Amino acid sequence: MKEKELRLALVCYGGVSLAVYMYGVSREVLKLVRASRVYHREPDHQRRQSASFSDLEPGNGRECDTEELYFELLQAIGGTLELRVFVDTIAGASAGGINGVLLARALAHDLSLDQHRKMWLEQADILSLMDEEHIAGRWSKLFMKPVFWAINNRWLSRFAPDAEMRQKLLLFTRSRWFKPPFSGELLTNMLLDACRAMEKDAAPGGTLLPFGHKLELIVSVTDFYGYTQNIPLHDPPSIREREHRHVLKFYYLQHPGGQTDTDFDSDHVPGLIFAARATSSFPGAFPPAEIGEIDLVLERRGEAWPTRADFLSGNFKPLIASGADPVKTSFIDGSVLNNKPFGEAIASLRGRPAYREVDRRIVYIDPDPEGGHLEAGGMPPGFFHTIRGALSDIPRNQPVRDELESVHEFSERVRQYRRIVAATRPHVAERVRELVESGPQIAPSPHALANWRDKANSQSAVEAGYAYDGYIQLKVSSVLDRLATFFIEVSGSMPQPSMRQKLARSIEEWAHQRDIFPVRWTRVDGQIETPTAATSWVRFLRDFDLNFRVRRLRFVIRRLNELYEEHAGDTDSTNALDDFKTSLYECLELLNSRPASRIRTPEVIALCAEMLADGAPTPDAIDALLRKVGPMLDLVGADHIIDQTISVMSGSYLPYAVRLELIHAFVGFSFFDVLTLPLNKWNDLDDVDTVQIDRISPEDAKAIRSGGARATLMGRDLGHFAAFFSRRARENDYLWGRLHTADRLVDIVVSAAAPNVAASGIDLPKLKGRLFRAILAAEKPYLSAVPDLVRDLEHEIATRFNIDIEDIAERPGEPAAEPAQGMTELAPDRA
């Protein structure tokens, strides 16, 4: 059966107390991904289609509600399409950064976010976030009381309609002035407790990521003082600039062999907590974040940080290279300079392997698209209004137009690529037929495949004419560029941009002296002589052009995915295609893992570090390193293994026409590469999927109630701080976060498999109604501060989706809800 992956790259915006809304979003995303994982974990297709979520997921004490319904949706689609849904990138800032950190950890190790409800509903309150000694007592700033209540009587009720909110706002204004009111250490402890709570009922080795797929977490922070960088120019040769933007990156990858690389296990929790603490360090509200704060909190808790050295060396290379000490550096809210980290998410998507047909989505989570916007028109802004806008509102609400246009341009290039391939395929097929000795039972030997590939390479050079000159120049340039990147990565250093330029120039000079680049064609009697295996640049490409081999395998995989459509009803053919695809995945893994598994030896690492220390390595030094690396990489040996694999699989029980198509794609790839490499550039060709963009926002989720954030969210008031002052606001926003996300996730899944959903006959409005009902039933016991909202939603869902209100009931065995922390619970001396 045809397979498809719906890959989500989440971009989580800031929003201060709207972090509570984003917690609801995170929980719902996790539930969809877990439903997909459980569905596909069962290898037997017939059982998958007949079982329920609870049949395949053993009870482990976790709350399960909407997972059952997402599972049903995937089952309905699964009649004609195996759709996998997972998250492979999360980029977050501020409130989005905190939730991104916790969600990424849950996805990496199949952990629960259930225990975080208490943190967000109870502890995300000013009384919990402020140090005891900083909270106003009975007589603190007593003069503020009549002033505050006079203001309250006139207009404050419009901005803080909640009585609890006004009571705590008075307490807040009478507390400590001129210093951050919230405690960084308290927040750090809350986040540490939250991470430790996730491990309850965790299964050893659990993950929601497929084998071979990397999860990347990118958290933006702001280096308050910045660090210097040398930027190359013409005259002067370089200038010094200060950089304040900074990102922290974390990875998870489980290799097909079972080995796991992770930055999300218990040993890495302190680093994750620092990222969450730093990205949410809202200026003025929290003190700047420092590594020392984490060290102090851990010491008081009696906890260790075994990966501290790796965290510092891996995430602060630019600071260390500039001579700064990351331990002594202060970081503030990531949203100050990068509230919408689209660029990081886009960069993370490119170059990722695409083993199946892929629907890539960048899903950005924006709780309040209209919030904080400066109204145009009217009187010119005054002095203080201008200063406030420049320091806060404008930077935090910068448009993402440039990033969206970049994604659109990339997707257009992908469509051009596919049109070129489709238009060229008949011509290439004709040429390959002349080279391939085919028959009714085509099953070439590895030696024959290698000969056919060599002939196709030569023939593509002849037919491309002078265009082949540019193609070869580009190929060699791409490999030289990859070598420079390789030297830097293996060395473990973080050179300045000017040093990177010097290294690239040194490698080019080496290639020039060794007659590798620019590519020169030998002429005999005025005719260009065909290059041979002894030609210098041919030898160089045979030894080091890993990218060409990877592109070729991905090209064959994509052609194989297209063939599923033509043989959808033939079980034997689709099973054979599955086997062939599995073998191709193994070949791709063989290539992708080769540099890391073979080359990163202590000797090579030392040689690379020595080269970069010299600044501009000599050609002899580069020779010495490549003589060591080439045999270790052994790409020619990898070619033989891949030829043998293709040879064995071509002898399978696939129909003759299908086998011939796959062999043509493998042998004839050089014809396509000549045309498409210049179009896509070597940096982008690895990823030839279009990227579509969706948004999760109150403005888009209208299945229950229209009107956007203004009609649904309370945390947007008081400059997005309102939810810190009211449990009612937190419960309201959390519930809407889950409801809005369930609405939008169904839309996204359906759009990725529209024909299959239509064929299934599933009633989508009814499914959404059941999802909303399940969320209300699950959350109702915990939401004691918003009974009116729950009641209204029950009525709206029953009316809109034709569901009986009696069906919306508490689930048996749910614990009683915690009491709401209203204004009546304030201590007398804080009133």
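Given the structure is predicted, the values throughout are model-derived calculations rather than measurements. Start at 1 with the first residue, then count along the sequence.
Side chains of Y21 and H740: a donor on one and an acceptor on the other come within 3.5 Å.
Under the 6.0 Å cut-off for aromatic ring centres, Y734 and Y23 qualify, their centroids lying closer than that.
A heavy-atom distance below 4.5 Å is not found between the side chains of L208 and F86. The shortest distance between side-chain heavy atoms of M119 and L102 falls below 4.5 Å. Taking 4.5 Å as the limit, some side-chain heavy atom of F250 sits within range of a side-chain heavy atom of L272. Residues T89 and L10 are not in side-chain contact: their nearest non-hydrogen atoms beyond the backbone lie 4.5 Å or more apart. Contact check for Y252 versus T260: side-chain heavy atoms found under the 4.5 Å cut-off. When side chains are defined from C-beta on, Y251 does not count as touching D261, because their heavy atoms never get closer than 4.5 Å. A heavy-atom distance below 4.5 Å is found between the side chains of D125 and R730. Using a 4.5 Å cut-off on side-chain heavy atoms (C-beta onward), L783 and L121 make contact.
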#### Entry: W120 vs I98, side-chain contact (heavy atoms from CB on, under 4.5 Å): CA-CA, chis, key distance, verdict
CA-CA 11 Å; W120 289 113; I98 286 183; 3.7 Å; yes
### Query
Does the pair H109 and D265 meet the rule for a side-chain hydrogen bond (donor to acceptor under 3.5 Å, both in side chains), with working shown?
CA-CA 8 Å; H109 295 291; D265 59 7; 5.8 Å; no
### Query
Is there a side-chain contact (heavy atoms from CB on, under 4.5 Å) between M22 and I365 once you walk through the steps?
CA-CA 8 Å; M22 299 187 77; I365 304 166; 3.8 Å; yes
### Task
Kindly determine whether R360 and V691 satisfy side-chain contact (heavy atoms from CB on, under 4.5 Å), including the steps that lead there.
CA-CA 5 Å; R360 295 190 188 275; V691 179; 4.3 Å; yes
### Task
Mind running side-chain contact (heavy atoms from CB on, under 4.5 Å) on L215 and L253 for me, showing each step along the way?
CA-CA 7 Å; L215 171 67; L253 175 62; over 6 Å; no
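Nearest heavy atoms, S26 versus N99: OG-CB, 3.6 Å. For the residue pair A275 and V219, the shortest heavy atom distance occurs at O-CG1, 3.7 Å. Among all heavy-atom pairs drawn from S266 and P270, the shortest one is O-CD, 4.1 Å. In terms of heavy-atom proximity, A742 sits nearest to E28 at N-CG, 3.7 Å. Closest of all the heavy-atom pairs between A722 and S17 is N-OG, 3.6 Å. Contact record, S220 with A93: OG-CB, 3.2 Å, taken as the closest heavy-atom pair.
Of the charged side-chain nitrogens involved, none lies within less than 4.0 Å of a carboxylate oxygen, so that R710 and D717 do not count as a salt-bridged pair. Using a cutoff of 4.0 Å between basic side-chain nitrogens and carboxylate oxygens, R277 and E290 are not scored as salt-bridged. Salt bridge annotation for R196-E303: present, with a cationic side-chain nitrogen under 4.0 angstrom from a carboxylate oxygen. Between E185 and R300, at least one side-chain nitrogen of the basic residue sits less than 4.0 Å from a carboxylate oxygen of the acidic one, meeting the salt-bridge criterion. D110 has a carboxylate O that lies under 4.0 Å from a charged side-chain N of R62, or vice versa, which qualifies the two as a salt bridge. Ion pairing between a basic and an acidic side chain is recognised when a charged N comes within 4.0 Å of a carboxylate O; D733 and R716 show no such pairing. Under 4.0 Å is where a charged nitrogen must lie from a carboxylate oxygen, and between E63 and R27 at least one such pair does. Salt bridge E779/R117: present, at least one basic N to carboxylate O contact under 4.0 Å.
Among pairs with a residue in residues 212-232, those fulfilling salt bridge (charged side-chain N to carboxylate O under 4.0 Å, His left out) read E216-R352, at least two apart in sequence or across chains.
Taken to the nearest 0.5 Å, the CZ atom of F486 stands 5.0 Å off from the SG atom of C608. In this structure, the separation between CG on D263 and OG1 on T307 is 8.0 Å, given to the nearest 0.5 Å. To the nearest 0.5 Å, the span separating CZ on F286 from CG on L187 amounts to 5.0 Å. With values rounded to the nearest 0.5 angstrom, I273 atom CD1 is found 5.0 Å from L191 atom CG. For the atom pair CG (L32) and CG (L8), the distance works out to 7.0 Å, reported to the nearest 0.5 Å. Distance check: R34 CZ to S36 OG gives 12.0 Å after rounding to the nearest 0.5 Å.
Ring orientation note: the planes of F311 and F316 are nearly perpendicular, at an angle over 60° on the 30°/60° scale.
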